[in-house]
Amino acid sequence: MLVLSTLHKLLSQALSSDLPTAALLTPSGQLVACAYSHDRTKDDVRVVVGLAGEVWAEVRDVAAAESELGRIVVVPVQDTVPANGTTAPPRGEGEAEQPLMLVVLCATDAIEWDDLEAKSYSILATNRHALDATSQRPLRSDTVLTTPPPRPDPYKLLKPQLDTLRERLLNLLGSAHPTLTEIAKYYFLHPSKQVRPLLVLLFARATNGLGADWDLKHWAAECEGARGRTEELDQPLSRPDVLNDWNPYMPDHTASFSTVFSLLPLSPPPPSPRPHPRATPEYPPTLTDALLPTQARLAQIVEMIHVASLLHDDVVDNSNLRRGAPSAPAAFGNKFTILAGDFLLGRASAALSRLGDAEVVELIASVITNLVEGEILQLNKVVAESAALAGGHASSGGREGWNMYLKKTYLKTASLMAKGARASVVLGGAKTGELWKEVAYAYGRNIGIAFQLVDDVLDYEAGEATLGKPGGADLQLGLATGPALYAWEEHPEMGPLIARKFAKEGDVELARDLVRRSSGVQRTRELAIAHADKAMETLQHLPDSDAKGALEVLTRRVVKRTW
């Protein structure tokens, strides 16, 4: 158990030392407690604490050091005092070392547990004598303090690419109609997690150079006329006045509708690319840091498709809030929002055709199909559930409900992540039968399902300010997600509520209460962790790299997130 008096004392000392915030989290990301000054809200706490032991005793002296993260405090975790008041027996030789509690106070940014742990080792080494003198159970003198290699933050690793991606993406969304341009850009101008383009770029970095056709793909990205260079990807699909009679975002002048359409002199054809040398691929293949223009464009395409799906979903779900701001339907109306979503899909399709790879076109085109199938499945889900529930129980109807729920989760969320990651690897030269494509798809499928499961948990746990959309929205829409389906197994009275879409007065409140009294939220999070663990397992087939390490960090972050 946690000694609250010790915790209070530690946090009070932090606040009295002009350190405005302090928080304690377990290495798995579970919040233990936090404190903050009167002029800071809980949402402003930007600190990280790792608790390596399961219990605390009284904290005495500590080793501390200032760092770029803030003030890092390292505290030995004391032995547990058993309930009967006797002292716990000493550890024998060969038993596990005494765990440490790591605390960061007044940090300016968040940091992963592994990175914090790595930074703490140097503090331990510097303060070994102080720890030996003050600990009830000192560190053994033969303890070896090694610094594990830190895993990079995925967003920091690819920040320049993500920034460029965002800037260039906005240039793709210009329309002849100013209102359409405004709506198409609306969600892109609000904060976004950018998980989908991040996956595309990370798998590109994690596998480029390994595929049998990497040499060919890299040549196309550098050779003029091979249609793989950034400049060629940005060219109009045909003469500007043929493609769009007026578009202010096109690079060349365009004709207006004020005159009849005239035949203009034809432009000279582009030069033929020099033949590819078809050099023998290097064996064994080696990773490269190169990121191909086609892969960067794919990252933009998957984000465009994702945002198009959000526009359509907000109309179908009658949502008024998205990313902490009025939704597009609330700001522009349903008709304009639907048309803007269609416009985004059209622009994404045109950009997709430029990538010049039939397998990639097929993969991403099937994603659009999956999104529609998932939405239809969600709309029709209640009919099937009602039939399964007629006189039934969670053991029978629940299985069918779970099958539909996870299938819908794949179609609406995981498909874009899985096929986007696989398409990125294909653009990097991976051919049929090569492992890298299968790793990308398996990872994306598992992490996509885990991502949505955590979303469904947060719908019960987090509030509107955290989510950027109304909490409890799933029940209001009549949707039975993981927590409700698990709660049904423990509380049979949940079945009729699911069958009638929580439509009667008081159904939503009763359903939330049944979920709270069940282990539904915990079991859903555990299922998300199981999928994340499987995603992490698939990454072990990739060679070590910064991108692989960033994917591992992202995997942990998906299941630990509170946003």
Side-chain angles (χ1 to χ4, degrees), residues 309-310 313-314 316-319 321-322 370-371 373-386 388-389 394-395 397-417 445-464 466-503 507-532 558-559 561-563:
S309 73
L310 296 184
D313 282 356
D314 284 349
V316 172
D317 298 340
N318 196 26
S319 298
L321 198 65
R322 171 70 67 178
N370 292 156
L371 289 169
E373 292 172 335
E375 191 62 41
I376 294 294
L377 182 64
Q378 180 169 295
L379 291 173
N380 291 337
K381 179 181 176 184
V382 175
V383 177
E385 284 176 345
S386 298
L389 283 164
S395 59
R399 284 194 297 272
E400 181 63 23
W402 267 106
N403 289 337
M404 288 189 291
Y405 168 59
L406 291 177
K407 182 179 180 180
K408 183 265 297 182
T409 297
Y410 168 77
L411 292 172
K412 291 196 64 176
T413 303
S415 173
L416 182 55
M417 294 185 182
R445 181 182 175 115
N446 281 297
I447 204 64
I449 292 176
F451 187 94
Q452 185 58 50
L453 289 170
V454 173
D455 257 12
D456 295 341
V457 164
L458 294 177
D459 193 59
Y460 286 88
E461 285 188 338
E464 181 175 304
T466 302
L467 293 178
K469 59 183 178 181
D474 291 336
L475 290 175
Q476 297 288 348
L477 293 172
L479 301 178
T481 57
L485 292 173
Y486 275 130
W488 181 19
E489 296 178 6
E490 301 175 30
H491 300 283
E493 58 268 38
M494 177 68 86
L497 305 182
I498 295 174
R500 61 176 179 256
K501 299 173 57 176
F502 314 104
D507 278 1
V508 170
E509 292 74 15
L510 177 56
R512 291 185 68 87
D513 182 61
L514 291 175
V515 170
R516 278 194 295 267
R517 291 194 283 120
S518 75
S519 59
V521 167
Q522 176 185 347
R523 293 171 69 186
T524 305
R525 190 175 287 278
E526 289 171 354
L527 181 61
I529 292 173
H531 279 280
V558 162
V559 293
R561 65 192 174 95
T562 57
W563 35 265

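These values consider heavy atoms only, across backbone and side chains, with no hydrogens, waters or symmetry-generated copies. Numbering of residues begins at 1 and proceeds along the displayed sequence.
Taking the ring axis of Y460 as reference, the NZ or CZ atom of R516 does not stay both within 45° of it and closer than 6.0 Å to the ring centre.
Looking at every heavy atom in both residues, A414 comes nearest to R445 through CB-O, 3.6 Å. Residues L477 and D317 come closest through the heavy atom pair CD2-O, 3.4 Å.
Using a 4.5 Å cut-off on side-chain heavy atoms (C-beta onward), Y410 and M417 make no contact. Counting heavy atoms from C-beta on, the side chains of K407 and N403 never come closer than 4.5 Å. Under the 4.5 Å side-chain criterion, counting only non-hydrogen atoms from C-beta, Q476 is in contact with V508. When side chains are defined from C-beta on, L497 does not count as touching H491, because their heavy atoms never get closer than 4.5 Å.
A donor-acceptor pair under 3.5 Å is formed between the side chain of D459 and the backbone N or O of A473. Under the 3.5 Å distance criterion, the side-chain polar atoms of R561 are matched with a main-chain donor or acceptor of F451.
Looking only at atom types and distance, the side chain of S415 has a donor-acceptor partner in the side chain of N370 under 3.5 Å away.
D474 has no carboxylate O lying under 4.0 Å from a charged side-chain N of R512, or vice versa, which leaves the two without a salt bridge.
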- Item | CA sep, side-chain torsions, deciding dist, call: S518, E490, side chain to side chain donor-acceptor pair (under 3.5 Å) | CA-CA 7 Å; S518 75; E490 301 175 30; 4.6 Å; no
